[in-house]
Amino acid sequence: MSEFDITPLIHHPYRPPEGFSAPQAGVHKASTVLFPTVAAMRNRDWRSRSGYTYGLHGTPTTFLLEERLAALEGGSECVLAPSGLAAIALVDQALLASGDEVLLPDNVYGPSRELARNELLRWGIAHRFYDPMDAAALAFMITPATKLVWLEAAGSVTMEFPDLVNLVAAAKARGVTTALDNTWGAGLAFRPFDLGIDIVMQALTKFPSGGGDVLMGSVTTRNATLHERLKLTHMHLGLGVAANDAELILRSLPSIGVRYAAHDATARQLAAWLGARPEVARVLHPAFESCPGHAHWKSLCSSAAGLFSVMLDARYSQAQVDAFVDALTLFGIGYSWGGPMSLAVPYDLKAMRGDRAYAGSLVRFSIGLESVAALQADLEQALRKLA
Ligand SMILES: Cc1ncc(COP(=O)(O)O)c(C=O)c1O
């Protein structure tokens with residue numbers, strides 16, 4: 001019996017003709033990348049984007065996405081990580097060593113706080129929290145051990161928009177590197193590098209993906225030395241991303257501007273409507289005067305992410321607030337933002353900002369792409385459950 005020899009299915013002489021061109025990027029999947037000769041393999045440069053070495057360290061698909069994200073952020077270099085949180089951890093690991101300290105805003109994205117409290121501490125890296133609304137206080141907190149200041153604008157639950165200009169100035173005056181979690185701004189609301197920020201991280205999971213179905217992060221810089229430090233740590237940690245996921249982000253990126261604007265417009269209308277309701281004590285949306293840091297937002301931005309919180313009046317128990325969220329039919333109960341479906345999450349503020357908590361119960365809304373009328377009707381029927 002003759003067996004079929006599968007060798008031609010691996011080494012087939014077919015070469016696609018030159019000249020194929022299409023608007024959408026190709027998906028290049030590889031662990032092994034082939035070198036034309038042993039000499040070329042020996043001369044490989046793991047850090048350079050001018051050639052390929054191993055799928056983990058870059059393919060045409062991931063290099064293209066990195067280039068596009070650098071363009072979006074106004075940076076020059078970018079590395080991808082498997083999630084936004086992995087991108088935060090990459091920055092921490094690349095820049096901090098035992099004996100160093102990192103300063104985090106006290107409204108920082110929760111898992112970044114947990115990373116500092118758990119992993120960074122185990123590696124001998126200290127952390128302290130600063131009030132993002134008090135740049136003068138940050139200046140006094142910086143010591144020779146401070147090697148990194150994280151920034152976040154706006155805070156993703158309590159929505160304060162910090163005094164970025166003076167926070168960056170305080171860090172710069174003492175030679176400390178600054179890194180911004182720019183997931184809220186998405187490269188659209190303001191230009192972080194123009195403010196002198198050194199590193200811009202983004203959870204691509206949110207607006208760049210836009211589908212609620214991909215996890216990825218990016219770290220962008222304008223500084224070749226910083227980028228090389230990040231890229232080396234990135235390689236040592238093996239932070240690869242899947243080509244199909246990278247292609248999904250490439251596919252969504254061209255529509256990020258219109259999606260961001262649509263989320264923003266709907267969110268502002270709903271926030272204004274909620275602000276006029278008797279059940280709502282306060283609206284926390286950077287474009288509203290009732291939000292701490294509104295003046296800072298106004299001086300830097302004209303747009304905002306479709307994300308805001310409300311403080312429901314203190315007369316409602318947590319059980320009533322939970323029942324309100326449960327009663328929503330169009331808003332899913334779940335984390336994240338930037339996708340087509342609106343989401344609502346009640347948060348325990350005291351666990352996040354301690355003494356600075358406002359009166360009442362906080363519910364955060366991530367506004368999707370549904371119509372204002374439909375979302376407003378849903379909120380209205382659920383608010384009736386509070387009575
Ligand atoms: C402000 C902010 N930064 C970072 C992240 C982390 O992104 P990922 O879920 O991709 O790890 C999130 C996710 O919710 C976020 O809200």
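Note that this is a predicted model, so its numbers are computed, not measured. Start at 1 and go down the list; that is how both ligands and their atoms are numbered.
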Numbered in order shown, the ligand 1 atoms found under 4.0 Å of a heavy atom of Leu85 are 6 (C), 7 (O), 8 (P), 11 (O)
Short version for Asp181: what comes under 4.0 Å of ligand 1, heavy atoms counted, is side chain
The answer for which part of Trp337 has a heavy atom under 4.0 Å from ligand 1 is side chain
For the student: nearest non-hydrogen atoms of Cys78 and Leu69, plus distance =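 In terms of heavy atoms, the two residues are closest at SG-CB, 4.0 Å.
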Atom 8 (P) of ligand 1: closest protein heavy atom, distance to 0.1 Å, is Gly84 N, 3.4 Å
Among non-hydrogen protein atoms, atom 14 (O) of ligand 1 lies closest to Lys206 NZ, 2.6 Å
- prompt: Angle class for the Trp297/His294 ring planes (parallel below 30°, perpendicular above 60°, tilted otherwise)?
  reply: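 The arrangement is parallel - the two ring planes meet at less than 30°.
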If the plane angle is over 60° it's perpendicular, under 30° parallel, otherwise tilted; pick one for Phe365 and Phe308.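 Geometry flag for Phe308 against Phe365: tilted rings.
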Just by distance, with hydrogens left out, do Arg229 and Thr225 show a side-chain donor and acceptor under 3.5 Å apart?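 Arg229 vs Thr225: no donor-acceptor pair found between side chains.
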Next item on the list: Could you check which of Asn182, Thr205, Leu215 puts a non-hydrogen atom nearest to atom 10 (O) of ligand 1?
Entry: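 It is Thr205 that holds the nearest heavy atom.
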For the 3.5 Å polar cut-off, considering only N or O atoms, please tell me whether [X] and ligand 1 meet it.
X: Ala86; value: no
X: Ser156; value: no
X: Ala203; value: no

Quick check on the 6.0 Å ring-centre criterion: do Trp184 and Phe161 meet it?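 Yes, the ring centres sit under 6.0 Å apart.
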Legend entry - Charged tip of Arg364 within 45° of Tyr347 ring normal and under 6.0 Å: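 Ring-cation test returns no.
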>> Could you go through Lys206 and Ser336, starting from their C-alpha distance and side-chain angles, then the distance that decides it, and tell me whether this counts as side-chain hydrogen bond (donor to acceptor under 3.5 Å, both in side chains)?
In response: CA-CA 7 Å; Lys206 318 291 184 210; Ser336 208; 2.8 Å; yes
